[in-house]
Protein chains: 2
Amino acid sequence: MTGPPDAEQDWLGDYDPRAFPPFGVTVDMVLLTVREDRFSVLMVERDTHPFRGFGALPGGFVQEGEDLDAAAVRRLEQETGIRRDAAYVEQLGAFGDPHRDPRMRVVSVAYLVFAPDLPAPLPAAGARSVSWVPVDDVDGDRLAFDHARVLAAGVERARAKLEYTPLAAAFCDDAFTVGELRKVYEAVWGVPLDPRNFHRKVTGTPGFLVPVGKPAPVGPEGGRPAALYRRGPATLLHPAMLRPVTRPVTREQSQGVSRG
Amino acid sequence: MTGPPDAEQDWLGDYDPRAFPPFGVTVDMVLLTVREDRFSVLMVERDTHPFRGFGALPGGFVQEGEDLDAAAVRRLEQETGIRRDAAYVEQLGAFGDPHRDPRMRVVSVAYLVFAPDLPAPLPAAGARSVSWVPVDDVDGDRLAFDHARVLAAGVERARAKLEYTPLAAAFCDDAFTVGELRKVYEAVWGVPLDPRNFHRKVTGTPGFLVPVGKPAPVGPEGGRPAALYRRGPATLLHPAMLRPVTRPVTREQSQGVSRG
DNA sequence: TCTCCTTATCGTCCGCTCGACGCTAACAGG
DNA sequence: CCTGTTAGCGTCGAGCGGACGATAAGGAGA
């Protein structure tokens with residue numbers, strides 16, 4: 001297709017600062033964990049304009065010469081103290097509504113992080129407080145920018161990921177029991193699972209769990225001591241572990257822009 | 001976590017152009033179709049610096065005040081003439097390696113498009129040629145920027161999407177036969193499928209296909225005429241249609257940044 | 001010690017899905 | 001009529017998962 005009015009500025013041969021508008025680029029983190037059997041997200045309360053007093057996802061500008069993934073990992077380590085090898089990090093997507101930030105044109109690259117239970121970190125600059133909030137308790141209307149959409153995308157992606165990957169273990173400590181892993185699934189999906197079928201599934205899937213020599217820890221509310229496991233080498237669950245609720249034939253589709 | 005040297009510039013209260021580096025933001029399109037039973041991608045040959053003579057994905061800068069999705073759809077319509085409701089579009093992810101474009105700092109937001117078979121469009125500005133290339137014939141070392149990575153991500157995402165969504169129909173015309181739909185799966189996955197089991201699966205999944213009144217078209221190489229269908233309202237396949245190859249326990253993970 | 005409660009782990013039954021594959025239906029061409 | 005092709009239906013058996021019984025192994029309290 002030739003020559004719509006703006007086509008000349010595509011793929012300019014040489015850098016011409018007048019040919020493209022400058023954007024700010026930020027990373028925002030959807031940092032998820034399971035705390036006290038509740039699926040929770042790390043939220044900050046903003047102390048600066050805009051959206052002062054609103055909840056927000058932690059994040060910040062990408063620096064010059066800094067890779068997007070590196071910026072996300074840097075933020076993760078700075079704001080939570082989580083080492084990058086103690087959590088699972090993947091990109092969630094880019095959010096670039098022209099009016100998502102009233103100050104200027106900003107594209108946010110959101111990252112999804114699965115972390116084991118950790119104490120809430122200290123507030124960073126520009127934030128009044130930092131805390132873990134159960135995702136069901138978050139009021140989307142009280143979030144800054146488009147963070148309600150970002151959070152919703154992250155939560156849905158996390159729920160889907162548990163179905164076909166062994167990433168639930170990223171919410172657990174290094175060694176964990178089958179029961180602890182089941183509580184992760186129950187918290188994230190919000191449904192009870194049959195302990196016996198769950199046990200059969202996860203222990204019967206090759207590469208999901210590797211038994212750790214230690215025979216038995218203690219139980220907080222009694223019961224027979226459970227065996228300890230670590231994450232196995234598998235990166236996919238095959239076949240998947242499906243959420244027990246019968247989904248209707250039609251459901252929201254992740255990030256589809258146009259007709260499905 | 002308090003006070004690393006750069007923390008002060010996070011979430012500035014007011015616009016301060018010195019506080020963040022300016023980025024160019026582009027959209028790149030991984031435009032996929034099935035042509036002559038081959039899974040193909042729309043590639044342009046660059047005619048301008050940098051990467052003159054290299055293959056590239058179609059794309060261009062996002063304009064001021066333009067939403068990312070809107071920029072992608074605009075590119076789609078401009079470069080291919082595809083109307084947005086004739087194809088499936090979803091965001092693939094952001095690619096922001098600091099050196100991906102030698103001219104300047106650019107973050108590319110990649111989009112994945114499933115389109116029915118169409119004639120190759122005319123070259124746009126800055127491109128020497130535009131053509132559909134079977135994805136297996138693309139030489140990743142001859143692609144501009146990081147488009148080899150972008151393309152690989154798009155292809156893998158497309159293959160996975162066919163497993164758990166009915167999006168294969170987005171590669172077909174408005175009305176199509178079960179055999180045509182099967183050829184889409186076979187081309188995308190690169191494996192033959194049993195026609196009888198495939199027929200049972202797709203016709204037995206509620207909401208996948210809706211029969212169209214017209215009783216029968218003609219067959220190009222003979223055979224019994226097939227019934228025509230359109231896309232149904234389903235957006236998920238449940239249970240999924242799994243690729244017949246036995247995947248090994250460990251496989252590449254989409255966009256994971258760190259340990260799982 | 002015995003009872004009861006809790007959780008862990010193993011086993012059984014049954015329905016559903018899928019892969020493999022046989023069979024018939026409905027066209028075209030010679 | 002015969003053959004070749006694709007479409008569509010049926011059958012069988014293995015495997016997986018949901019429902020759920022049974023046993024194991026701990027702690028708390030009578």
Side-chain angles (χ1 to χ4, degrees), chain A residues 37 162-164 172 175-186 189 191-212 214-229 234 236-247 249, chain B residues 37 162-164 172 175-186 189 191-212 214-229 234 236-247 249:
Chain A
D37 293 340
L162 293 208
E163 290 194 309
Y164 59 94
C172 298
F176 52 89
T177 69
V178 173
E180 289 166 356
L181 187 65
R182 178 170 48 82
K183 284 182 185 307
V184 167
Y185 276 89
E186 292 177 334
W189 286 347
V191 295
L193 299 177
D194 184 284
R196 297 155 292 186
N197 293 336
F198 182 86
H199 188 279
R200 178 181 60 189
K201 174 70 177 175
V202 297
T203 58
T205 300
F208 195 165
L209 302 179
V210 294
V212 81
K214 249 188 298 186
V218 301
E221 305 116 352
R224 169 176 169 178
L228 278 180
Y229 296 88
L236 278 182
L237 242 51
H238 194 62
M241 173 149 40
L242 298 174
R243 282 174 268 192
V245 287
T246 302
R247 263 87 47 90
V249 131
Chain B
D37 294 341
L162 293 208
E163 289 195 309
Y164 60 93
C172 297
F176 53 88
T177 69
V178 173
E180 289 165 356
L181 186 65
R182 178 169 47 82
K183 285 183 186 307
V184 167
Y185 276 89
E186 292 177 335
W189 286 346
V191 295
L193 298 176
D194 185 285
R196 298 156 292 189
N197 293 336
F198 182 85
H199 188 279
R200 177 182 58 189
K201 175 69 177 174
V202 297
T203 58
T205 300
F208 194 164
L209 302 178
V210 294
V212 82
K214 250 189 298 186
V218 301
E221 306 117 351
R224 170 175 169 178
L228 280 179
Y229 296 88
L236 278 181
L237 243 51
H238 195 63
M241 173 151 39
L242 298 175
R243 280 174 270 191
V245 289
T246 302
R247 264 85 49 88
V249 131

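Note on naming: letters A, B, ... go to the chains in the order of the sequence lines (proteins, then strands), and numbering restarts at 1 for each one.
Along DNA chain D, the nucleotide closest to B/T177 and the one closest to A/A240 are compared, and the more 5′ of them pairs with B/T177.
Note: A/Y185 and A/F198 have perpendicular aromatic rings, judged against thresholds of 30 and 60 degrees for the angle between ring planes.
The separation between A/Y164 atom OH and D/dC16 atom C1' is 21 Å, rounded to whole Å. Rounded to whole angstrom, the span from the CD atom of A/E221 across to the C1' atom of D/dA25 amounts to 16 Å. One atom, CG of A/L193, and another, C1' of C/dT7, lie 16 Å apart when rounded to the nearest Å. At whole-Å resolution of the value, CG in B/L181 and P in D/dT6 are 17 Å apart. Computed from coordinates, the A/R182 CZ to C/dA8 C1' distance equals 9 Å when rounded to whole Å. Put simply, CG on A/L209 is 11 Å from P on C/dT9, counting in whole angstrom units. Taking atom NE2 of A/H238 as the reference point, atom P of D/dG17 lies 11 Å away to the nearest angstrom.
A heavy atom closer than 4.0 Å to some atom of DNA chain C occurs in B/D194, B/R196, B/N197, B/R200, B/K201, these being the qualifying members of residues 194-203 of chain B.
Note on B/R224: every side-chain N or O is 4.0 Å or more away from OP1 and OP2 of C/dT24.
Residue A/L209 holds its CG atom at 9.0 Å from NE2 of A/H199, rounded to the nearest 0.5 Å. Taken to the nearest 0.5 Å, the CG atom of A/L162 stands 9.0 Å off from the CG atom of A/L181. Annotation: the span from A/L193 atom CG to A/K201 atom NZ amounts to 12.5 Å, rounded to 0.5 Å.
Comparing D/dA25, C/dA8, C/dC18 by their nearest atom to the side chain of A/P225 picks out D/dA25.
Every side-chain hydrogen bond (donor to acceptor under 3.5 Å, both in side chains) that B/N197 has, sequence neighbours left out, goes to B/R200.
Minimum interatomic distance between A/L242 and B/H238 (heavy atoms only, all atoms of both residues): CD1-CE1, 3.6 Å.
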